[in-house]
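We name chains A, B, ... by the order of the sequence lines, and we start the count at 1 in each one.
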Amino acid sequence: MKKQLMVVAFVASLALVATACGGGGGGTTGPTGGTGATGGIPTGGILREETTDFGFTNAFDPTGEYLGAAWAYYGNFLLRGLVSYPWLPGEKGGNQPVPDLATDLGQVSADGLTITFTLKDGVMWQPPLNRPVTSQDVAFAFQRINTKSLIAQYGNYYCGTIVGMDCEGKSQEDPIEGIETPDEKTIIFHLERPTGDILYRLAQPAAAPVPPEVAGCFDKAGEYGRYVMSNGPYMLLGSDELDISSCDTLEPIKGFDPDKFMYVVRNPNYDQATDDNRQNYIDGWSLVINTNLDDIYNRVLNGDIDIAHGAPPAAILQQYLTNPDLQDNLKTNSGDRTWYITMNLIVPPFDDVHVRKAANYIVDKAAMLQATGGPVTGDIATTIEPPTVLPDLADYDPYATPNHAGDVEAAKAEMAQSKYDKNGDGVCDDPVCDNVLMINRNYDPWTEYTPILTENFKQIGINLKVRELDVSTAYTTIQTMSNLIPIAANAGWGKDYASPYGFDFFLFNTAGLSCEGAVNYSNIGLDEALAKECGPKVYEAWKAATDNGKNPLPNVDQDMEECVAKPFGPEYNACWAALDRKLMEEIVPWVPYRWGSQNTVLADSVVAWEYDQSAGWTAYSRTAVNNGLTMDEVAQI
Amino acid sequence: MGQVTDEEVAEPGRTLGGAEPGSTIIGRTPWQIFWMRFRKDRVALAAGAFLILLAAAAVAAPLIARGLVHHDPNALFRDTLNEYGLPVVGPSREFWFGVDTSGRDVFVRTIYGARTSLVVALLSTGFAVGLGILLGSLAGYLGGWVDTVISRAIDLTLSLPVLLFSIGIAATCSITAEGCLGGLVQPGISLVTAIIALFTWPYIGRIVRGQVLTIRNKEFIEAARAMGAGTGRILLRDVLPNLAAPVIVYGTLIIPSNILFEAALSFLGVGIPPTTPSWGRMISDAARGQLYTVAWWMLFFPGMALVFTTLAFNLVGDGLRDALDPRTQVTG
Amino acid sequence: MLRYIVRRLLWVAVTLLLITFLTYLIFFVMPPTDPAVNFAGKQPTPELVAEVRKQFGLDKPVLIQYALFVKRIFLGDEYGWPGLGFSFNTRSALKPIIYERFLVTLQLALGSAILWLLVGVPIGILSALRPRSIFDRLAMGFALFGVSTPVFFLGPVLLYVFWFKLGWLPGTGFYSITKYGPGTWFMHMIMPWSVLALAFAAFYARMTRGNLIEVMGEDYIRTARAKGLTERRVVAKHGLRASLTPVVTMLGLDLGGLLGGALITETVFNLKGLGNYAVESVFSGDLYAILDVTIIAAFAVTLANLIVDIIYAFLDPRVRYT
């Protein structure tokens, strides 16, 4: 009797723990399920969108696809993972994972090394698969991540964390040791160490189930992108006509042409009763490529299309901000992204911390914001992590200047303490300041930053030689260590998921150092071994900057390890906030200048709209239009 | 392209330069004749005067900027922009040509832009002509495999997709701090000059080769050879002077197209670095995002400057060609 | 004659090989950055980059890569013939993309060509027949403006006047005739055609005028007049034939050049043509796309050159022996 009571108590306490860990997930604001007008929001119609370029990083193959917008498409339309997000803004809990395919947020073992999920009933794959989603489908997704040739671009979140995953797998058919599927509805993950943010990682699209009978035919990165099968409320147009009898009979889905369009329509096998978070008002969505950016916004103004993402060009933006009829049609939300100027710790004159501090004082951030288009494009950044990711630093501004317009005196005071200002007048007098190469992008608004920054830095004696490159070349240029780029303004960094670990890790950890793909552009923690490996130029620069190794470069790997071990919650955040302070005040790798906003422009036909904080994009599953169109009228196949 | 020789001066019945029949006939050198004929083309003279004025303005640009207008070309007057970063000050007393999206004085930048255009046009044409004369003469005079190689190089260069390669070369040379060819070719004026010269020398080279082929067989060359003159001497003293006329003709033909070439490169963002004012770049800034719908002056002034300069070079070139060609009658 | 053609064809093949090799050098070899890094995601670890490089065929030595590329062009690849490879960006076959882009450029080039011939040549002829008249001066003045005004200035100016201020014409963009109907297609093509045709029309007017004036001064024209032919017949039968032949050959060369992509016109007017695609590919590092467009452009130009030369060799036997 006592034993039974104890068991009951134990189970009850587990349930309590489970709901406590579940956080704010589950039902949210807005009407629940079912088609037809609910709470006055009409259903039906096609949401029409245009863009200049898809911009996919992996041709829409979810195993490696890294584009934020693609994550919005997957999450809202096509892929239901064990857990996902509620598709809401941050203040309504948009950054907290909720159960999607699973019945709850997983049962974690006492030692934190095992997490078990049970799949819901009634979640089916779209036609022509016409079968329930199984735990083996989920395991298959991880097998794909583990396969080397599929180039899982964020595989590092899983490999080394889930037992048996090393991202070196030869074939997607090879099962993973650390993932058990005892039956079709149960899946168990074994972890190498307790991982506080494991739910975030499981909410990413690569972890969503994948049907082996289709995806198993494609073993090269990106190929599956034209055959993506859905277990969600919508499916790609024409995907139900696939002949899945064998790999040879598969043809690319008609509704997705990587050069032209993407169309989704409702998935007949979807059961709204199994989904608490997606409202699914629209009957379909169309995304069409239109290379003319101005034309896209003109078409939204005319009502020819319903929605466009991204800040409109300045002339059009002005219309939206000044015309009272249009003001409601422009949405501005925090994008969880920091735009920054990065400085290289091993290249003079930025190898001197006082020069880097002077840079933080001299940059006219207000002018840069104005050049970008004003406050609607974001807020002035004062530290590294955006406040939506790390709220602890809301009022932290270590290099405050009047009106954020820069402070010449303070900058000069810092410069005077550096070794490049021999006579201490606050202006660099070393020849190394004469021609300092700065990389920038070659389109708006970055081209507007060039004159501002050139004038700013001139005041402390640094003559910038700005090279404006297209965005990809700009990134690869600063990612190649041997280029020894002193300073660059082209970079921005957005979260993968809302945890400060995810934000900071690759930027400042030695794991982000690599000879040709560096993300730790400032070279924090660069040691002799890697410097040597990257070639004589890098090695010489390293020797000069560290005085032949006597003054090693600052390294925050240890600080990060300590923070990761802290329990999730206020202690965790406080630790990362302290790291941010250390970075900004002692190491000073960046001049952060803007926390980017995501702008969305809506036509009058959009009668309901929500912002999804997790992907930083429109929550399509909570958007409604009243244009009453059908896909037959819209699709141009 | 015929030669103007001294014989024509003494032809009976023909008066040149207004000498009346029966009066003393003065012999004139071909260059004097050329200059007299050119003087009569008023339009060409006007164009030439414009160019001289433009060059003077370009040279005096810093004086004009500081002394006359009191604005630097890269000074930012951010209060002329509204809160969305758009220029709201058009042509006015303080800013004669208005301001651009960074708040810089368009008038001053247009004057400075003349420097870029003139320097690049003249330098690149100079190099193209030099290279063309050198390689064309060698090909025409020496013949054999030298001729084959150079002719094929000419053909090849003329078949290349010019703008595409320019973008590629410029992109490659812009990435590293030293530029290309060990620092010789830096992004900016030297890179653009090099690219333009690289793609336009074949025009001169081809013409020169043809000319040299024709001249090579003339009697006076044979005579020089018979007298024992070496190849170099012959090339320098006998061949080159006879190239002057066609080279002037074709040289003046490619100057305006080189101006437009540089502007096109700047327009595409692969030429002159952003802080150096360049008309092509200014036009591209105005066209991007349909900015000219908000600030028409950003498009109009640099564009008209470009058109007028190119036009002037075309007119002068036309005038030179007419003056050199004895068949055309030059009327006042 | 046959020997001449064969020799020229061989030279065409050599030229194409050389041009593609140069393209390889400029875009694959010279840049100091690794294009594979672009396509390996936000955190490109060395392993990811290596795998991308392998899948893109960039891990082989340059000469082997180039040889494979040439082989694919002639023998086809898994996407069909000619083997144009796949796009790094979309990881899909390049052939359909390039084919569609080529059609757009073709429409732009042909439309402009018709326009500039219809405008430029008659103006040139009329000016030549009335040298120094008001018409001549006006026409040649206009022509001078035409050759001095670049497309990237005239385009925005026309857009400003006819689209923004007057609203008579629609804005930029290409609207295919099959999807949007001939009306929309035509209205959107008027400005690009006009802008592209202007410089050529001006040039052709000047050239036609110059040629015709020169020809009309020849002896055989005097003979024809002396024989008693009317002026009109003299011009039409003798003058035009001689002066228009160079025009036709120039047309061939210009069309060949345009088919390589009227880069700037396409950029200014947002036409999804070959030139536009080339610029996009250069900026995004899509190497096989760059190579393909270059080959097509070079092929168009060399083919045009070849045809023109053959016609000339046919007409003028002296040419065959140089």
*Electrostatic pair R91(C):D61(A) at N-O distance under 4.0 angstrom*: no

*Side chain, backbone, both or neither of F86(C) within contact of chain A (heavy atoms, under 4.5 Å)*: neither

*Distance in Å, F60(A) CZ paired with S92(C) OG, rounded so as to fall on 0.5 Å steps*: 14.0 Å

*Expected output: side-chain Q55(C) to main-chain S149(A) donor-acceptor under 3.5 Å*: yes

*Can you name the closest pair of heavy atoms from G517(A) and V37(C) and give their distance?*
CA-CG1, 4.2 Å

*Counting heavy atoms not belonging to Y443(A), are there more than 12 under 6.0 Å from its OH?*
yes

_Shorter than 4.5 Å, heavy atoms on both sides: which option in A40(C), G171(C), G173(C), G285(C) has the most such pairs with chain A?_
A40(C)

*Are there more than 12 heavy atoms of other residues, nucleotides or ligands under 6.0 Å from atom OH of Y227(A)?*
yes

*Relative to chain A, which segment of F56(C) carries a heavy atom at a distance below 4.5 Å: side chain, backbone, both, or neither?*
neither

*What part of Q636(A) is in contact with chain C, defined as an atom under 4.5 angstrom from a non-hydrogen atom: side chain, backbone, both or neither?*
both

*In terms of heavy-atom pairs under 4.5 Å, which option from I97(C), V52(C), L271(C), V49(C) contacts chain A the most?*
I97(C)

*So which of K260(A), R226(A), E168(A) has the biggest tally of heavy-atom pairs under 4.5 Å with chain C?*
K260(A)

*Contact winner vs chain A - T172(C), V282(C), T45(C), N270(C), heavy-atom pairs under 4.5 Å*: N270(C)

_Contacting moiety of N298(A), where chain C heavy atoms sit under 4.5 Å_ = side chain

_Atom of L48(C), atom of A152(A) and distance for their closest heavy-atom approach_ = CD2-O, 3.8 Å

*Examine whether an atom of N89(C) lies under 4.5 Å from a heavy atom of chain A, and if so say whether it belongs to the side chain, the backbone or both; otherwise answer neither.*
backbone

*Does the side chain of P44(C) come within less than 4.5 Å of V519(A)'s, by heavy atoms?*
yes

*With a 4.5 Å cut-off on heavy-atom pairs, point out which of A221(A), P258(A), C167(A) contacts chain C the most.*
A221(A)

*asked:* Check this for me: does any side-chain nitrogen of one of E516(A) and R53(C) sit under 4.0 Å from a carboxylate oxygen of the other?
replied: yes

*Please flag which part of L67(A) lies under 4.5 Å from any non-hydrogen atom of chain C: side chain, backbone, both or neither.*
neither

_F56(A) portion near chain C, given a 4.5 angstrom heavy-atom threshold_ = backbone

_Backbone N/O of G494(A) and side chain of K42(C): donor-acceptor pair under 3.5 Å_ = yes

*So what's closer than 4.5 Å to chain A heavy atoms on K272(C): side chain, backbone, both or neither?*
side chain

_Heavy-atom side-chain contact between K148(A) and E47(C) under 4.5 Å_ = no

*Where on D259(A) is there a heavy atom nearer than 4.5 Å to chain C: the side chain, the backbone, both, or neither?*
both

*Option among N520(A), L507(A), N156(A) that satisfies the side-chain contact (heavy atoms from CB on, under 4.5 Å) test with Q43(C)*: N156(A)

